[in-house]
Amino acid sequence: MSDTLIFTIVVISAIGALSAVILYFVSQKFQVYEDPRIDEAEALLPASNCGSCGFAGCRAFAQACVAAENLSQLSCPVGGKETMKALADYLGLEAVTVASNTAIILCNGTCEFRPKTSKYEGVQTCRAISTVYGGETDCHYGCLGFGDCVPVCQFDAIHMNLSTGLPEVDDNKCNGCGACVTACPKMLMQLQKQMPKNRKVYVACRNKDKGPVASKACKVACTGCKKCATVCTFDAIEMESHLAFIDSYKCTLCRKCVSVCPSGSILEINFPVRKLKNEEVPVE
Amino acid sequence: MLKTFKLGGIHPQGEKLTAAMAIQPLQLPKEVVLPIAQHIGAPSTVVVKKGDLVKTGSVIALSSSPVSSNLHSPVSGKVVKIEESLDASGFKKKSVVIETEGDVWEDSISRDFPQTNFENLSSAAILEKIREAGIVGMGGASFPTHVKLEIPAGMKVDTLLINGVECEPFLTSDHRLMLEHGEEILKGTTLLMKVLNVEKAILGIEINKPDAILLLNKLAKNYPGIEVEALQIKYPQGSEKQLIQAMTGRLVAPGALPASVGVIVQNVGTAYAVYEAVAKNKPLIERVVTVTGKGLSNPGNFLVRIGTPISDLIKAAGGLPENTGKVIIGGPMMGKAIANLNIPVTKGMSGIVLLPVEAAARLNDVPCIRCARCVEGCPMNLEPYLLMALSEKGLWERAEAGHITDCMECGSCSYTCPSCRPVLDYIRSGKSQVGKIIQSRRNSASTDINTSIKPAIPE
Amino acid sequence: MSHLLTVSPSPHTKSDEIIPKIMRSVIVALIPVMVLSAIFFGLHSLRIMLAAVLACVFFEYSIQKFILKVPPTVRDGSAVITGLLLAFNLPAGLPVGLIVLGSLVAIGIAKLSFGGLGQNPFNPALVGRVFLLISFPVQMTTWTANITAADSFTGATPLGLLKEGIKSGKSLATLAGDAQIPGYLDMFWGNMSGSLGEISAVAIILGGVYLLWKKIITWHIPAAVLGSIFIFEGILWLIAPDRFMDPVFHLITGGVMLGAFFMATDLTTSPMTPLGKIIFGVGIGVITMCIRNFGAYPEGISFAILIMNGFTPLINAKIKPKRFGGK
């Protein structure tokens, strides 16, 4: 009995020792040198692996940063300035300051403003409906409302508002990674410069139709009347095919455009409620 | 045993309600809308401007690239606008809108009698006339006919197939055309044979149109080289590759042209249009459209000018029934459902099918039971159940490896699915996604851009 | 118009061959088997079929409603079929308690725990049957005498007699001459001992032809199973006729017919492509004959089908249809 026990212990130990020796030599033979800074650099990154930097994940980005001679081509949109600063300091390189971004939704066509003119049946995703036709409303540029942008957001920053049928961005959670931008088949999600207190002024419309056609389809469509472009003193508003676009890098949040817009398609977000004004301004 | 294609295929109900209704001309519309992209390929270049007066048959837009087509005015009148307008594809396209002021034809067109000696034209002259007339495939795909007739270098064509299959349920426009204009179709076929320099043409007709087979068989005796072949009833026999296999037994490789196996396929409607263009100098400005549906009081086959709003057609067919749930452009298998009736008739529109509310709704889908009916039914011999799952999960590489791009969207998989799953919906979106990936891969390979580093967003 | 037009992707028409209709056709195809088993086993057969069907429907409904909290799917008829097929695989004398237990295993474990119809990797009725066979071997191999049989009938199945005979060292010639093994024509009609549904080859073929005619199954699996058994056993028989029975005996005894037409062709657990189905069927045939000729059990088709069910995902992954015009 005890013989068996001893024999077993000896054999098992011998196998273990032999394996250890083999493993040691194999690991020596096939060792791959890896810059230890990659681990350190990766630790500085947000670890969201969202891919918005253009790399397969945070580790791939860290590898690229360590290998790079300067950081001008590299930026982590999620971590923003602080992360890139910390990374630059660690690597002894110069930080390239990059603005943080935030997502906006270029459509405000709620059920109330933009009535449905047909009923869609089929797979309930924006991608599927966009292969069939322009959408359930007469506006072929607006939000389709099936929320393809919601699941792609890794920061839980986008949610569908069931009463409006539109997605909403939670500004506190949005990191500007841009995953939603690629998910939207109508290209309604866009990144713009993050302003103080998350304030935003933008034209919530992408309808390129002529004014009457656009406003027939949706009450808050941009008609391309150019009033906003005229009133803007900072040259921040561009007009293109009956549609206004506010360049967030030029905008100073003066909100003159908001008051002159006849269709109410320019939204102001995260501003204190305006006191008394004659015209009605949509405030979210 | 009648011929048919080997792999897959389904047998939907025929529902040919209008098979016995003679083609009737529709009165001129008040206004025509002409999308400049009615064909596969580059949109035509508009050559008129707002305010121009045009005659019936005047050129509106010219072919802009090797694969493109001319567009002619179907009425005489004034160009009132050039704007983005909704067409049968479901999307807005640039269109020329002409207000009808009458029906004055261009002098070069002989409306009633064929010009003498058209049979003696050279093949190059015939091809030029087809190109001038803006003829595209009338079966639905709308591929410019003159492009199809130019055989790529190194390929030798020996057989012309004329497609009179009309395998879609409900549609009867080709059937009526064969019955009423059989002679012209055969003359058109002879012209096409001359262009292609082939000795043999076979007209394929499914056995559910016995009167057309009988008539054309009789007529074809006077046309050397043309035979009529009766085919089994099976969908999608009208698809080019399936028809070639059914009638000649030849297999067209994935991505290859029919000419690679020595065959060119043309629709009977195209053959008729070719005859009209060559013999009468008449451009493609009208076509036969079937307007059908069980609720319609006066369904029928109408000869209608291109650009007529389909609401006019539905009015002529007895008006839109109250319980209409769906309006389909084309047949119920591959047609497009549309959201409103203000869209114009285009060159490739073979029918309008109205479905009642109860037939418009889809049945609830339940999980796949892996019965393999989609695999059995797929004429391209793919695995639709798998491609659907891969598209749903976004596994594009595996979908590509499963040849998702071979899918021709015939809908046999969705039709047969006992679980009522939207198989084709997913495959279609997966196919477009995989197509984009392949395209971008090709682009990046050709321009050799290093895409691994994305430029930083500027301050 | 008072309502909006519906827009959906093509196709806009749908075959009416949907799941409930398919299941109804399968039940129709099972009628000949039910009738013959009722003739040969009388009230026993009705008792077992009723118990199995009711138990399966009850378990499916109550597990989905109260445990899984999903809408019950008993209306599609698949639980009825599972119940019937389970009953066909049971001996006529089995106590109701065991039938209920087998139904619970078939529906609860083999079907619903994987997500219900379409998700189960193994044939539920066979899982139920094999569970009972392994857990209650005595009850599951106690064959109630066929009511048409003479008193001398011991109730053992031909395959059981064969296995016992070979174990006890009797030669095949003496076994075949033994009056206990019925004649081939009797066995073909079903006048032998066995499970409810497996005895009558005629009834099963009738139902199978109906399924083929209705295009619910394709010819590939039955042909591959029966063909491979015939060829495999035929070769053995030609080599050593004194050690192996002839192939016809093996085709009409035991559950081969039932398995080939009704169990192996189960839509969910069989491969998707024609070639895959043939490989699947040949696998079943070969494994069945290995078990029958060289294994401990007299009968092996249940095990063979379950083993090949396990290979189905692999077959699906490796056997791809040749695309149109492809090489």
Side-chain angles (χ1 to χ4, degrees), chain A residues 51-56 60-61 64 67-68 71-77 80-81 84 96-101 116-141 148 151-152 176 178 183 185 191-193 208-210 213 241-242 249, chain B residues 81-93 324-329 335-343 355 357 359-365 388 391-394 409 414 420-433 435-436 450-459:
Chain A
S52 58
C53 52
F55 292 90
F61 181 69
L71 296 178
S72 61
Q73 293 289 299
L74 299 158
S75 87
C76 172
K81 249 181 237 173
M84 287 314 290
V96 178
T97 41
V98 172
S100 337
N101 287 303
K116 283 189 179 181
T117 54
S118 65
K119 197 171 95 194
Y120 170 73
E121 263 200 50
V123 175
Q124 303 284 302
T125 64
C126 304
R127 198 211 304 271
I129 186 176
S130 66
T131 62
V132 180
Y133 69 137
E136 289 179 298
T137 67
D138 275 343
C139 173
H140 282 197
Y141 300 89
D148 278 13
V152 297
L191 294 182
Q192 69 166 26
K193 192 175 116 189
K208 292 177 184 165
D209 282 336
K210 284 179 187 161
V213 181
S241 45
H242 315 291
Y249 290 94
Chain B
K81 6 179 203 191
I82 298 172
E83 58 162 21
E84 297 273 307
S85 176
L86 200 63
D87 84 343
S89 68
F91 298 97
K92 287 188 176 177
K93 285 185 187 157
T324 306
K326 209 187 248 183
V327 179
I328 303 161
I329 298 298
K336 291 274 290 191
I338 51 165
N340 74 58
L341 304 181
N342 293 325
I343 65 162
L355 293 182
V357 175
R362 288 187 170 195
L363 298 167
N364 281 339
D365 59 299
M388 173 187 181
S391 302
E392 199 174 353
K393 294 182 184 126
E409 305 182 15
S414 294
C420 309
R421 294 176 72 70
V423 187
L424 181 56
D425 294 16
Y426 279 109
I427 295 181
R428 193 184 278 117
S429 77
K431 189 182 151 189
S432 77
Q433 192 68 23
K436 276 180 210 159
N450 185 359
T451 49
S452 62
I453 295 179
K454 205 172 82 176
I457 297 141
E459 174 74 323

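Throughout, a chain's letter reflects where its sequence line sits, starting with A, and its residues are numbered from 1. This is a predicted model, so every value here is computed, not measured.
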Given heavy-atom pairs under 4.5 angstrom as the criterion, report whether the side chain, backbone, both or neither of B:Glu392 touches chain A. neither
Any B:Glu409 side-chain heavy atom under 4.5 Å of B:Leu424 side chain: yes
Do B:Ile328 and B:Leu355 have side-chain heavy atoms sitting under 4.5 Å apart? yes
dist B:Ser429:OG -> A:Ile129:CD1 (nearest 0.5 Å) comes out at 12.5 Å
Picking from A:Thr117, A:Thr125, A:Val132, which has the most non-hydrogen pairs under 4.5 angstrom with chain B? A:Val132
Using heavy-atom distances under 4.5 Å, tell me whether B:Ile338 contacts chain A through its side chain, its backbone, both, or neither. neither
Okay, A:Thr131 and chain B: the region with an atom under 4.5 Å from a heavy atom over there is both
From B:Lys93 atom NZ to B:Glu83 atom CD, the distance as rounded to the nearest 0.5 Å: 15.0 Å
Identify which part of A:Ser130 has an atom lying under 4.5 Å from any heavy atom of chain B, answering side chain, backbone, both or neither. backbone
B:Lys92 versus chain A, the contacting section by heavy-atom distance below 4.5 Å: both
Audit row: A:Asp148, A:Val152, side-chain contact (heavy atoms from CB on, under 4.5 Å) steps and yes/no: CA-CA 7 Å; A:Asp148 278 13; A:Val152 297; over 6 Å; no
Considering only heavy atoms, which portion of B:Ser391 lies under 4.5 Å from any heavy atom of chain A: side chain, backbone, both, or neither? neither
Which bit of B:Ala361 is near chain A, if near means a heavy-atom gap under 4.5 Å: side chain, backbone, both or neither? both
Walk me through it: do A:Val213 and B:Glu84 pass the test side-chain contact (heavy atoms from CB on, under 4.5 Å)? CA-CA 10 Å; A:Val213 181; B:Glu84 297 273 307; over 6 Å; no
